[in-house]
There are 4 protein chains.
Amino acid sequence: MNNKDIDFEKLLYGGNVTEEEMATRQWQIIEAAIKVFAEKGYEGSRTSDIAKEAEIAEGTIFRYFKTKKDLLLGILFPLIAKILRPMLLSSVENVMKNENKRSIDKVLILIMLDRLTLVIKNKELIKTVAIESLYHPDLLKPLRADIAPRIIETINDFVEKNIALGNFRDLNPTLISRSLASSLMGYIILKGLAPDTFSLGSDEDEIKNIVDILLNGIGIIK
Amino acid sequence: MNNKDIDFEKLLYGGNVTEEEMATRQWQIIEAAIKVFAEKGYEGSRTSDIAKEAEIAEGTIFRYFKTKKDLLLGILFPLIAKILRPMLLSSVENVMKNENKRSIDKVLILIMLDRLTLVIKNKELIKTVAIESLYHPDLLKPLRADIAPRIIETINDFVEKNIALGNFRDLNPTLISRSLASSLMGYIILKGLAPDTFSLGSDEDEIKNIVDILLNGIGIIK
Amino acid sequence: MNNKDIDFEKLLYGGNVTEEEMATRQWQIIEAAIKVFAEKGYEGSRTSDIAKEAEIAEGTIFRYFKTKKDLLLGILFPLIAKILRPMLLSSVENVMKNENKRSIDKVLILIMLDRLTLVIKNKELIKTVAIESLYHPDLLKPLRADIAPRIIETINDFVEKNIALGNFRDLNPTLISRSLASSLMGYIILKGLAPDTFSLGSDEDEIKNIVDILLNGIGIIK
Amino acid sequence: MNNKDIDFEKLLYGGNVTEEEMATRQWQIIEAAIKVFAEKGYEGSRTSDIAKEAEIAEGTIFRYFKTKKDLLLGILFPLIAKILRPMLLSSVENVMKNENKRSIDKVLILIMLDRLTLVIKNKELIKTVAIESLYHPDLLKPLRADIAPRIIETINDFVEKNIALGNFRDLNPTLISRSLASSLMGYIILKGLAPDTFSLGSDEDEIKNIVDILLNGIGIIK
DNA sequence: TATGAATGAGTCTTCATTCAT
DNA sequence: CATGAATGAAGACTCATTCAT
């Protein structure tokens, strides 16, 4: 496989992108790669380790991915199929349908918990893409071109709608989007770096506090 | 040099830890390493690249660092000398001296701008330590043991003082510390990932907005 | 392979230790190593030379021997299989069966010729083990522990039997064993160092003279 | 220094070849080299180790010996000055003067003890020359050309004289010389390899036994 | 199609040798 | 003359990739 073979458009919005469409072997290899890459980094990983993790012969990897680099690009496939696509499709719409019936803090908590779950479930994959994209800009290219704009658009829609509804202050929507993202990212990263210091309770309790601060700030209301 | 030779205690609080104490050659190599590591990652970097960057012979590296791994550990020295030490010593005290005379938003803006400057000036070094510590836990060991606790303590002191002063809400101090950190980290990371989307103005203007949201939240005050 | 994998016990006394038990490639490499080590010494040999001698790629060596040092230890395998084992099993018994029917000088000549043939056929291997064991004591460890005692025991049995039979003088058996060994070693070494001076005839003629002197001395019988 | 600078002729027979003639530094280096070479072999030795052993700077070695190889050739100087020259000059003549007054066994014991002492006192040097000459034939060239013939000649004279005197059997003198050499070499080597097995008493007692066997053989006199 | 032995370019690292001080 | 920092060629060893089976 080769990243050129990935039709991101179809992948994001196509009807039935299931694992069946990708050869079982390919998934097997990609999943092993995600695990090993997360543990040792792309350059620090050995194709022999990946083969062992996938319980196949080393040579078999190269029947499905021409080079090790293609294997790195290959993990974009599950990134989109398992993370970005669900992020766009599933939750936001579902949550927003009920938006009027719920207060904004409940909505934010639901959305953030949903994202948090998705991130935690796929933390190895996200870790690898996040880090390796810093060294391999071509990893980001398909994301930047096709996917990031839609994610940003979706978030912006959500923010603008809530500004209009009087749930958010009338700030630059990007500022608010960034705050939403920062709050969640900060929680995840700091919990990862120093769990002893920064882990205060269950994810649900934590998210409630985060949303409280996000909405109301840390300052005294004067 | 060897990381065991670094006296982190002295480094953090000692009187005069200047570059003079470390052989010029060693600094030259470390600085080249920081640059190359930031560009290609530790595993993706070649000692020959580092030598070229430092404009010395490859063999010379190994007169100062027994192994490539020691070179990675060697960048902890400038991390502490150039970033963590200044973070602890310089700004907080200076800012806090004037704290009573300034409103909290001004103080936060000054602190955050100060940190932001420090981070931007050393972004290569920070990037490398942040990433490689995920793959080489021994990189974090000295930080975790000696330095992280002091940083957290300093931040907590600041937060608790401001809670007492009525500048911050009476929340769990860790929650507030985390919000402070998240806001800044989020700004830096998102600006790095998608400058087109997330860069809205000068750093100073951005920080003002961030502090506004941090203090007052994104929600409508009811 | 690794020297720990060698079961010296089985190697010495096991039924069928043939080259088939060791991968062909391994033998190919070991034989090349013996040749190159004998020519340039262990430290003076390059793994690239050994690969060229074996007509394989350099990397292939390391599929079979983790390090160059393991390759040195690997030559113990043929040392035992091709030299020490035959020395213990074949000749002595065969010769001793006929001992009573032959005079002692004939027996000694047969034994010494047999050993000489074995040594000459394997002189590269013996040279390398003899020399390198002076610098790598771990090379001797397995020999000293398992094998040397048996060889000495076999020789002592032979000597003591012949003392009892009235063929040898009633001296300390070790003295006699040492004389036997010295005579043969001296011949081989001096012939190697200065063939022009010390090579007087065919090996068979030489051995006859050596055994004559060994039995009767160089002095005049008074 | 360079081996071409050594005047072996003068060295062997010259009146006053003392250490004073060679720069003290040179001796210091050579002696360190002998020690380190004996321990690790020529190829296994580092010039830095030799410098440390000699308690000088590494660069200083190269003021006296253009290359490491020249340093190896340099140890021929003390080989000749301290071993071969004394072997030729001192003992044989002294012993032979008294030859008529002593029985041949006493003479042999004295000669062998004398040689043995010389060898033991210089075993590091001899070990290195013996081994390295197998890998660097040029080490032997000066010895073969100038020195070995004289040694052989001296021994042969001794042997032939004793044949004439009726002390030795009328065998090929080379056979007898070889037996003399083998007996001593065998004793030294076997004692070195397996002291537990082959060391039976004081050197003097051992030599007496060796000379007994050498003169009278191990067989029963019929 | 799957395998894994073989490959050899590319790495880190060593160390004899040079030379400015 | 002595030093030892710097050099870079050369070595052991790794590992992505190929290919015969």
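Below, read A as the first sequence line, B as the second, and so on, with proteins coming before strands; counting in each chain starts at 1.
- Looking at Leu79(B) and Leu143(B), their side chains come closer than 4.5 Å, going by heavy atoms from C-beta outward.
- The closest donor-acceptor contact from the side chain of Ser45(C) to the backbone of Gly41(C) lies under 3.5 Å.
- Look at CD1 on Ile29(A): it is 13 Å from C1' on dT3(E), rounded to the nearest Å.
- You'll find the side chain of Phe62(C) reaches within 4.5 Å of the side chain of Thr47(C), heavy atoms only.
- Closest heavy-atom contact between Val129(A) and Leu139(A): O-CD1, 4.4 Å.
- A donor-acceptor pair is defined here as one N or O able to donate and one able to accept, closer than 3.5 Å; no such pair exists between the side chain of Thr60(A) and the backbone of Ile56(A).
- Looking at which nucleotide of DNA chain F each of Gly59(B) and Phe62(A) is closest to, the 5′-most match is held by Gly59(B).
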Phe65(D)/Ile30(D) under side-chain contact (heavy atoms from CB on, under 4.5 Å): CA gap, chis, key distance, verdict: CA-CA 10 Å; Phe65(D) 300 89; Ile30(D) 285 180; 3.5 Å; yes
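- With respect to the salt-bridge test (charged N to carboxylate O, under 4.0 angstrom), the residues Lys69(C) and Glu132(C) do not qualify.
- Under 4.0 Å is where a charged nitrogen must lie from a carboxylate oxygen, and between Glu124(C) and Lys35(C) no such pair does.
- For the pair Arg63(C) CZ and dG4(E) P, the interatomic distance rounds to 10 Å; values are reported in whole Å.
- Axis angle across the helix from dA2(E)-dT21(F) to dT21(E)-dA2(F), with five pairs used at each end and values rounded to 10°: 0°.
- In this model, the phosphate group of dA2(E) is approached by a side-chain N or O of Tyr64(A) to a distance below 4.0 Å at OP1 or OP2.
- Nearest-nucleotide mapping onto DNA chain E: of Thr60(C) and Lys69(B), the residue sitting toward the 5' end is Thr60(C).
- No salt bridge links Lys127(B) with Glu39(B); every basic N to acidic carboxylate O contact stays at or beyond 4.0 Å.
- In the region residues 39-58 of chain B, proximity to DNA chain F at under 4.0 angstrom, judged on heavy atoms, holds for Ile56(B), Ala57(B).
- Under the 3.5 Å distance criterion, the side-chain polar atoms of Lys68(A) are matched with a main-chain donor or acceptor of Tyr42(A).
- Salt bridge annotation for Glu58(B)-Arg46(B): absent, with no cationic side-chain nitrogen under 4.0 angstrom from a carboxylate oxygen.
- On the nucleic acid side, DNA chain F has its first and last nucleotide under 4.0 Å of a heavy atom of chain A at dC15(F) to dT18(F), going 5' to 3'.
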